[in-house]
Amino acid sequence: MEIRQETDIKVQIRKTLFEIEQQKRTRVQRFLLEIGLTPGQGQARILSSLAAAGNVTQRELADACLMDVTTMSRTLDRLEEKGLIRRERDPRSRRAYRIGLTDAGQETAEKVDAGFAELEQVLCSGMTDAELLALAGSLRKIRENLNE
């Protein structure tokens, strides 16, 4: 009986994590579309990273956003077409470009950061600091388990 209960709890956890991810994804996709970004391409992550770091090379940006350089390049092309970023030759390298935000890009990055702060508020609503600390510890352990 005890083994069955443990299995049921693990199934409940897996299903709940999946449902949370689906609901979060739906909310984020709706938000990104409202501010003119394409969901699932890392555009929001790129804009937020640029707002925090300033002008960086494409390689530095790819590393910060955990994206491969080819995907990063295509996404930067789209953001440049939208007028949200600018690329300038890096004077220290013949082949490298420095990436920075335009004024419109800065505004959109601020919307991204505000939207994600609002999402964090929704996710943590009604939880005490102790509950949040316990949850953070449990989630870190899950991440560690997945990295093994």
Side-chain angles (χ1 to χ4, degrees), residues 9-148:
I9 290 170
K10 289 177 182 178
V11 168
Q12 273 185 320
I13 290 169
R14 179 176 44 83
K15 287 181 176 181
T16 301
L17 287 172
F18 178 77
E19 290 168 0
I20 290 168
E21 182 59 28
Q22 291 301 106
Q23 290 172 350
K24 186 177 71 95
R25 183 176 294 151
T26 298
R27 185 181 285 249
V28 168
Q29 286 174 346
R30 188 172 43 242
F31 165 71
L32 293 177
L33 290 170
E34 286 173 4
I35 64 170
L37 298 178
T38 305
Q41 294 185 355
Q43 293 176 350
R45 194 170 359 150
I46 290 169
L47 294 175
S48 185
S49 292
L50 285 171
N55 292 347
V56 296
T57 65
Q58 186 168 322
R59 163 57 63 198
E60 291 167 333
L61 187 57
D63 290 345
C65 294
L66 304 175
M67 295 173 72
D68 68 82
V69 177
T70 305
T71 302
M72 174 66 66
S73 183
R74 284 192 304 263
T75 304
L76 291 175
D77 289 343
R78 289 183 186 99
L79 290 172
E80 192 171 30
E81 288 168 8
K82 292 180 180 194
L84 300 176
I85 64 155
R86 67 184 178 303
R87 293 178 180 161
E88 299 170 350
R89 284 230 180 255
D90 187 340
R92 297 174 294 174
S93 171
R94 294 181 310 138
R95 297 175 47 181
Y97 286 89
R98 297 202 62 82
I99 316 296
L101 292 173
T102 63
D103 290 342
Q106 182 65 44
E107 287 178 30
T108 304
E110 290 170 7
K111 290 177 185 175
V112 165
D113 290 342
F116 281 106
E118 185 179 317
L119 177 64
E120 289 168 6
Q121 283 298 114
V122 169
L123 291 173
C124 299
S125 178
M127 297 178 75
T128 66
D129 287 346
E131 290 171 325
L132 289 171
L133 283 171
L135 177 59
S138 296
L139 291 172
R140 276 192 299 276
K141 181 62 180 165
I142 290 170
R143 184 183 61 215
E144 289 168 11
N145 293 342
L146 290 171
N147 286 329
E148 288 180 359

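Below, each value reflects all heavy atoms present in this structure, side chains not excepted, and no hydrogens, waters or symmetry copies.
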Inset, instruction - Can you measure from CG (Leu76) to OG1 (Thr71) and round to the nearest 0.5 angstrom? - result: 10.5 Å
Inset, instruction - Would you sort out whether Glu88 and Tyr97 count as a side chain to side chain contact (heavy atoms under 4.5 Å, CB included), showing the intermediate values? - result: CA-CA 5 Å; Glu88 299 170 350; Tyr97 286 89; 5.8 Å; no
Legend entry - Gln41 side chain vs Thr75 backbone, donor-acceptor pair below 3.5 Å: no
Inset, instruction - Identify the two heavy atoms, one from Asp113 and one from Ser48, that lie closest to each other, and give their separation to 0.1 Å. - result: OD1-OG, 2.6 Å
Inset, instruction - Salt-bridge test for Glu21 and Arg25: reply yes if a basic N is under 4.0 Å from a carboxylate O, no otherwise. - result: yes
Inset, instruction - Determine, for Arg74 against Asp68, whether the closest basic-nitrogen to carboxylate-oxygen distance falls under 4.0 angstrom. - result: no
Legend entry - Flag if over 12 foreign heavy atoms under 6.0 Å of CD, Glu110: yes
Legend entry - Side chain proximity check, Phe31 to Leu37, heavy atoms < 4.5 angstrom: no
Legend entry - Atom pair OG/CG of Ser49 and Leu66 - distance to nearest 0.5 Å: 9.0 Å
Legend entry - Working for side chain to side chain contact (heavy atoms under 4.5 Å, CB included), residues Met72 and Ile46: CA-CA 9 Å; Met72 174 66 66; Ile46 290 169; 3.5 Å; yes
Legend entry - Arg27, CZ atom: more than 12 neighbouring heavy atoms under 6.0 Å: no
Legend entry - Lys24 NZ to Gln29 CD distance, which is reported to the nearest 0.5 Å: 10.5 Å
Inset, instruction - With rounding to the nearest 0.5 Å, note down the distance linking CD in Glu80 to CZ in Arg86. - result: 10.5 Å
Legend entry - Pairing of Glu81 and Arg78 as salt bridge, 4.0 angstrom limit: no
Inset, instruction - Check Gly105 against Leu47 and note the closest heavy-atom contact, atom names and distance. - result: O-CD2, 4.5 Å
Legend entry - Pair Lys82-Thr108, side chain to side chain contact (heavy atoms under 4.5 Å, CB included): steps then yes or no: CA-CA 11 Å; Lys82 292 180 180 194; Thr108 304; over 6 Å; no
Inset, instruction - Step through the shown structure and confirm whether more than 12 heavy atoms of other residues, nucleotides or ligands are within 6.0 Å of CD on Gln121. - result: no
Legend entry - Verdict with supporting geometry, Arg30 and Glu34, side chain to side chain contact (heavy atoms under 4.5 Å, CB included): CA-CA 6 Å; Arg30 188 172 43 242; Glu34 286 173 4; 3.8 Å; yes
Legend entry - 4.5 Å side-chain heavy-atom contact, Pro39 and Val28: no
Inset, instruction - Could you check if a side-chain atom of Ile85 sits within less than 4.5 angstrom of a side-chain atom of Gln43, using non-hydrogen atoms only? - result: no
Inset, instruction - State, with a plain yes or no, whether a side-chain heavy atom of Asp63 is found less than 4.5 Å away from one of Arg59. - result: yes
Legend entry - Name of the residue among Leu101, Leu79, Asp103 meeting side chain to side chain contact (heavy atoms under 4.5 Å, CB included) with Leu84: Leu79
Inset, instruction - Take atom CG of Asp129 as the centre, draw a 6.0 Å sphere, and report whether it contains more than 12 heavy atoms from other residues, nucleotides or ligands. - result: no
Inset, instruction - Look at the side chain of Thr26 and the backbone N and O of Gln22, then say whether any donor-acceptor pair between them is shorter than 3.5 Å. - result: yes
Legend entry - Nearest atoms (heavy-atom pairs only) where Gln106 meets Ala51: NE2-CB, 4.2 Å
Legend entry - Ser73 versus Gln58, closest heavy-atom pair with distance: CB-NE2, 3.4 Å
Inset, instruction - Considering non-hydrogen atoms only, spot the tightest contact between Gly83 and Thr102 and give its length. - result: O-OG1, 2.5 Å
Legend entry - Any donor-acceptor N/O pair, Thr16 side chain to Gln12 backbone, under 3.5 Å: yes
